[in-house]
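Heads up, the thing below is written out as structure tokens.
Whatever order the structure lists them in is the order used to number ligands and atoms, beginning at 1.
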Amino acid sequence: MKKFHQKNNDGKMVLLTGGAHPALAKEIAKCLGIPLGDVLLGRFPEGEIQLQIRDNIRGKDVFIIQPTCTPPNESLMELLILIDAARRASAKRITAVLPFFGYARQDRKDRPRVPITAKLVANLIVSAGANRVLTMDLHAGQIQGFFDIPVDHLYSINVMGQYFKKKKIKDLVVVSPDVGGIKMARGYAKLFNCDLAIVDKRRESAAKTHVMHIIGSVAGKNVIIIDDMISTGGSLVEAAKALRNAGALDIYANIVHPVLAGSAVERIKHSDIKELIVTNSIPLGEEKRIKKITQLSIAELLADAICRIHYNVSISTLFSSAGVEA
Ligand code: R5P
């Protein structure tokens with residue numbers, strides 16, 4: 001059966017992208033059967049972003065595809081400037097498509113004198129002129145509420161879940177590497193019809209975590225660690241070590257956003273992880289393409305959601321088998 005996005009194209013949809021992840025934007029455009037809009041993107045000599053949308057987008061439904069990934073400040077600023085340009089070019093509606101929403105980890109004031117960057121970034125996107133947001137696997141679902149415009153929050157669980165289902169792994173336990181990830185891990189446990197275990201971790205610094213306890217039984221089981229993002233790899237590698245010590249057999253990791261900062265890839269290479277599965281919400285540079293890392297594409301999922309938004313069709317059906325709600 002044809003997917004929704006393969007049946008529809010009324011010529012009123014425009015896809016634009018900045019420099020954060022053109023490969024994903026191209027893949028989405030290919031799924032939708034339309035070309036990417038022409039954006040001239042450059043820099044002034046001192047580094048300021050300079051751009052021009054070279055297609056007429058007056059009265060069009062514009063989707064700006066730009067994960068705010070590394071380098072985060074450049075990606076975010078490009079997104080804001082693109083939104084501004086689209087608004088001033090009389091786009092009918094502007095949707096910021098953020099396959100990865102960066103600056104999301106600082107989402108509450110948990111210590112004195114710290115910012116709430118997730119709210120600040122939401123404010124910036126709205127102030128720039130976005131009318132809607134389409135995003136995926138937010139660090140915390142509540143971030144949707146930081147926007148006073150509609151937010152469609154996708155989950156990659158179906159894409160990633162299908163990959164694991166094909167492996168037909170026996171004696172499986174899904175593991176959340178911290179208490180904050182329980183809801184996401186529970187969705188996978190439901191999909192795989194298996195038990196859930198939880199790693200009780202303490203973060204000592206931005207790059208160092210320490211496992212305190214494992215709640216649940218993993219001895220003699222194959223495990224899949226589920227998380228929204230991997231940055232330094234500290235949480236994952238420490239969790240894998242603790243799970244191995246507790247008797248786990250094969251240890252897989254299913255992590256949506258591969259930030260993979262610093263020496264994360266080296267850490268994974270030498271860890272107890274058998275395979276790390278990530279999405280292409282963030283580009284993987286050549287140096288990060290190692291045998292242990294498998295990248296799955298979410299282009300079709302995003303293309304379908306873009307098309308449904310354009311035609312005002314419900315997107316909740318995209319998650320009907322995932323045990324999560326849109
Ligand atoms: C934390 O709450 C997140 O879900 C990830 O577990 C965390 O950001 C991973 O960071 P790192 O890879 O640096 O340990």
(message) Check whether Lys241 reaches the backbone of Ser271 with its side chain - one donor and one acceptor, N or O, closer than 3.5 Å.
(response) no

Could you list the atoms of ligand 1 found under 4.0 angstrom from a heavy atom of [X]?
X: Met229; value: 5 (C), 8 (O), 9 (C)
X: Gly234; value: 12 (O), 14 (O)
X: Ile230; value: 12 (O)
X: His139; value: 1 (C), 2 (O), 3 (C), 4 (O)
X: Arg105; value: 8 (O)

(message) Using the side chain to side chain donor-acceptor pair (under 3.5 Å) criterion, which residues pair with Lys119? Sequence neighbours excluded.
(response)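 So Lys119 forms a side chain to side chain donor-acceptor pair (under 3.5 Å) with Asn123.
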
Taking atom types as modelled, is there a side-chain donor on [X] or [Y] under 3.5 Å from an acceptor on the other?
X: Asn222; Y: Tyr252; answer: no
X: Gln295; Y: Thr279; answer: no
X: Ser75; Y: Gln66; answer: no
X: His257; Y: Ser281; answer: yes

(request) Kindly state each residue pair satisfying side-chain hydrogen bond (donor to acceptor under 3.5 Å, both in side chains) with at least one member in residues 91-104, sequence neighbours excluded. (result) Asp61-Arg93, Asn73-Tyr103

(message) On a heavy-atom basis, I'd like to know which of Ser235, Gly262, Ala264 is closest to atom 14 (O) of ligand 1.
(response)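 Checking each option, the heavy atom nearest atom 14 (O) of ligand 1 is found in Ser235.
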
(request) Classify the contact between Thr232 and ligand 1 as side chain, backbone, both or neither, using a heavy-atom distance cut-off of under 4.0 Å. (result) both

Does [X] come within less than 4.0 Å of ligand 1, judged by its heavy atoms?
X: Gly233; result: yes
X: Asp178; result: yes
X: Glu238; result: no

